[in-house]
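Below is one structure, written out as structure tokens; comments come after it.
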Amino acid sequence: MDPITIVLAVAGLAVGFGANTVITKQRVGSAQEQADKELSKAKREASKLVETAREEAGKLTDENRKEEQARRRELKDLEQRLVSREETLDKKLDELDKRTERLRASESEVEGLKDEIREIRKKQQDKLEKVAGLTKEDAASKLMQMTERDIKHDLTGMIAKMQNEAKDNAEEQAGLIIVTAMERMASEVTAERTVTSVKLEDEEMKGRIIGKEGRNIQALQRATGVDIMVDDTPGYIVLSSFDPVRRETARQALEMLMKDGRIHPGRIEEVVEKAQKNVEKDIVRAGEDAAREVGVIGIPKEILHLLGELRYRTSYGQNVLKHSTEMAHMAGIIAEEVGANVKVAKYAALVHDLGKALTHKMEGKHHHISGEILRKYGAPEAVALAAEQHHDDVEATSTEALIIRVVDAISASRPGARNISAENFVERMKELENVANSFNGIEKSYAISAGREVRIFVKPQAIDDLAAIKLARDIATKIESTMQYPGTIKVNVIRETRAIEFAK
């Protein structure tokens with residue numbers, strides 16, 4: 001390589017290095033200057049922040065100082081008040097101590113005075129005993145005897161006077177109470193009958209009810225136990241039975257059959273069963289309505305059901321349920337007037353004839369049955385006693401029982417309320433059925449045609465055809481020997497055998 005070239009290269013390198021060194025120094029100087037500026041700026045800002053913090057600290061210090069001074073003033077005031085109260089309490093305690101001392105002194109004086117009085121009384125008593133010649137006990141005994149004798153004489157005269165006045169006014173007051181109750185309970189009288197009429201739409205319906213060879217009407221009579229007369233009254237079918245429940249069942253069944261139009265033996269049995277269920281619902285509703293009408297609550301369901309059955313029972317032609325509700329209203333009025341238990345009187349009057357719904361199922365008088373049933377189903381004992389004692393064969397032991405007797409007589413004795421011949425007729429019908437039911441193998445029996453016929457259904461598996469003939473003769477013989485009746489009674493023994501099979 002050429003020496004000149006080498007020299008020139010070295011010289012170039014030296015110049016480049018020098019230039020770089022100068023540039024580097026310039027840059028370092030500029031950065032130092034920038035850092036100094038930033039440091040100065042940071043110092044200024046820091047001094048400002050310190051100054052601001054000092055000012056805020058000063059303010060907080062002043063506020064705390066003021067609050068502390070205010071608290072000190074409050075504490076000082078509280079301390080002064082406490083000191084004042086303490087001084088007041090000390091004064092009061094001193095006054096109490098002084099008052100206690102004065103009371104003790106007064107008590108000592110009072111005790112001394114009491115001792116002096118006792119001594120004086122003792123001396124006076126001794127002087128009196130010497131003068132009278134009697135001790136204190138003897139004098140007290142004689143005084144009591146004299147006082148008792150005088151009071152007895154005065155009381156005897158007063159009691160006799162009050163009894164005489166009560167006798168003079170008792171009849172008038174009792175009559176006034178009874179008349180008031182009767183006036184407030186004036187109600188209509190409806191005589192119950194043993195027949196029910198059902199209106200026919202046309203004569204064709206009469207033929208359909210009778211059916212071919214009388215099969216429909218016979219099935220209806222057999223299912224209901226009611227005597228059905230279709231030719232006695234034009235345009236009407238007459239249902240005759242001494243049992244009003246059967247009549248009502250037959251009436252509803254007949255009306256449903258006429259409305260439906262399908263009348264045949266199979267349909268008749270279905271409709272009669274439905275009518276019996278409807279009558280059962282009516283019985284329950286009647287019992288609840290009667291209890292609600294007289295305002296008696298809390299009656300057990302079993303008693304309400306038996307009460308509803310009285311809707312279809314009569315006593316000498318008088319509806320028993322209406323008779324009972326009427327009695328309950330009057331019993332409440334009279335009980336309120338005489339000061340007896342109104343609730344017990346109403347309750348007992350409402351259920352007093354409950355046994356009449358069961359006289360065909362239980363032996364005994366209806367008022368005894370009423371008492372037994374009421375106790376069995378949880379009625380109050382006072383109610384059971386009053387219901388049981390509403391007739392004279394049981395002694396009345398309560399005011400409520402006497403009230404039930406009175407209102408029973410009032411309700412039953414009103415003109416037109418009862419029909420004796422109707423009751424005798426019903427009793428004769430029941431007796432006729434009871435005679436038939438007394439034989440073995442009887443399924444059910446019905447007295448129809450005003451007691452001129454008794455229709456008896458036997459169990460075919462227990463009674464054959466020959467036995468049925470003998471049974472009819474035996475029943476007729478027993479009726480002749482045990483009953484009194486006008487004319488003749490037809491004994492109709494029916495034995496029916498059914499063969500049932502199902503096509504599947």
Can you confirm whether the side chains of Glu280 and Gln276 place a donor and an acceptor under 3.5 Å from each other?
no
Quick check on Lys444: does its NZ atom have over 12 non-hydrogen neighbours (other residues, nucleotides or ligands) under 6.0 Å away?
yes
Spacing of CZ belonging to Arg247 relative to CG belonging to Leu254, to within rounding of 0.5 Å
14.0 Å
Nearest non-hydrogen partners of Gly298 and Tyr347, listed with the distance:
O-OH, 4.4 Å
Tightest non-hydrogen contact, residues Asn341 and Glu400, listed as N-OE2, 2.9 Å
Checking the side chain of Ser324 only, and the main-chain atoms of Val320 only, is there a donor and an acceptor separated by less than 3.5 Å?
yes
Any ion pair linking Asp408 and Arg405 (charged N to carboxylate O, less than 4.0 Å)?
no
Check whether any side-chain heavy atom of Arg267 lies under 4.5 Å from a side-chain heavy atom of Asp260, and answer yes or no.
yes
Considering only heavy atoms from C-beta outward, does the side chain of Ile263 approach that of Met205 to under 4.5 Å?
yes
Quick one: salt bridge (charged side-chain N to carboxylate O under 4.0 Å, His left out) partners of Glu443, sequence neighbours excluded?
none
Would you find more than 12 non-hydrogen atoms of other residues, nucleotides or ligands less than 6.0 Å from Glu79 atom CD?
no
Pair Arg251 + Glu255: basic N to acidic O under 4.0 Å:
yes
On a heavy-atom basis, which atom in Ala250 and which in Val226 lie closest, and how many Å separate them?
CB-CG2, 3.9 Å
Would you call Asp94 and Lys91 a salt bridge, taking side-chain N to carboxylate O under 4.0 Å as the test?
no
Has Ile297 got more than 12 heavy atoms of other residues, nucleotides or ligands less than 6.0 Å from its CD1?
no
Heavy atoms of Val407 and Ala331 approach each other most closely as CG1-N, 3.7 Å
For Glu293, the salt bridge (charged side-chain N to carboxylate O under 4.0 Å, His left out) test, sequence neighbours excluded, returns none
Glu302 backbone acceptor or donor facing His305 side chain under 3.5 Å
no
Shortest non-hydrogen pair, Val272 vs Ala253, comes out as CG2-CB, 4.0 Å
Please test Leu78 against Glu74 for side-chain contact (heavy atoms from CB on, under 4.5 Å), starting from the C-alpha separation and ending with a verdict.
CA-CA 6 Å; Leu78 180 61; Glu74 290 178 359; over 6 Å; no
Evaluate Gln252 against Asp282 for side-chain contact (heavy atoms from CB on, under 4.5 Å), listing each step before the verdict.
CA-CA 12 Å; Gln252 292 190 16; Asp282 293 340; 3.4 Å; yes
Interatomic distance, Leu96 atom CG to Leu89 atom CG [nearest 0.5 angstrom]
10.5 Å
Apply the test side-chain contact (heavy atoms from CB on, under 4.5 Å) to residues Asn319 and Tyr312: give CA-CA distance (whole Å), side-chain angles for both, the deciding distance (0.1 Å), then the verdict.
CA-CA 7 Å; Asn319 184 279; Tyr312 301 105; over 6 Å; no
Heavy-atom side-chain contact between Leu385 and Arg375 under 4.5 Å:
yes
d(Asp90 CG, Glu95 CD) to nearest 0.5 Å is 11.5 Å
Nearest 0.5 angstrom please: Glu86 CD to Arg81 CZ, how far?
15.0 Å
Give the minimum heavy-atom separation between Leu220 and Thr224, together with the two atoms involved.
O-OG1, 2.7 Å
Any side-chain donor near an acceptor of the partner, Glu388 and His352, under 3.5 Å:
no
Given 3.5 Å as the limit, does a donor-acceptor pair link the side chain of Gln389 with the main chain of Thr397, or not?
yes
Measuring from Leu257:CG to Glu270:CD, what's the distance to the nearest 0.5 Å?
10.0 Å
Walk me through whether Leu307 and Leu310 qualify under side-chain contact (heavy atoms from CB on, under 4.5 Å).
CA-CA 5 Å; Leu307 185 64; Leu310 297 181; 4.0 Å; yes
Residues that His391 engages under ring pair (Phe, Tyr, Trp, His ring centres under 6.0 Å), provided they are two or more places apart:
His366, His367
Salt bridge between Glu68 and Arg72, side-chain N to carboxylate O under 4.0 Å?
yes
Can we say Glu101 and Arg104 salt-bridge, meaning some charged N sits less than 4.0 Å from an Asp/Glu carboxylate O?
yes
Could you check whether any side-chain heavy atom of Glu269 comes within less than 4.5 Å of a side-chain heavy atom of Glu273, counting everything from C-beta outward?
no
Salt bridge flag under 4.0 Å for residues Lys59 and Glu56
no
CD/Glu395: more than 12 non-hydrogen atoms of other groups inside 6.0 Å
no
With rounding to the nearest 0.5 angstrom, report the CE to CD1 distance, Met256 to Ile268.
12.0 Å
Counting only N and O atoms by type, is there a donor-acceptor contact under 3.5 Å from the side chain of Ser370 to the main-chain atoms of Leu354?
yes
Could you tell me if the side chain of Val294 sits less than 4.5 Å from the side chain of His329, heavy atoms only?
yes
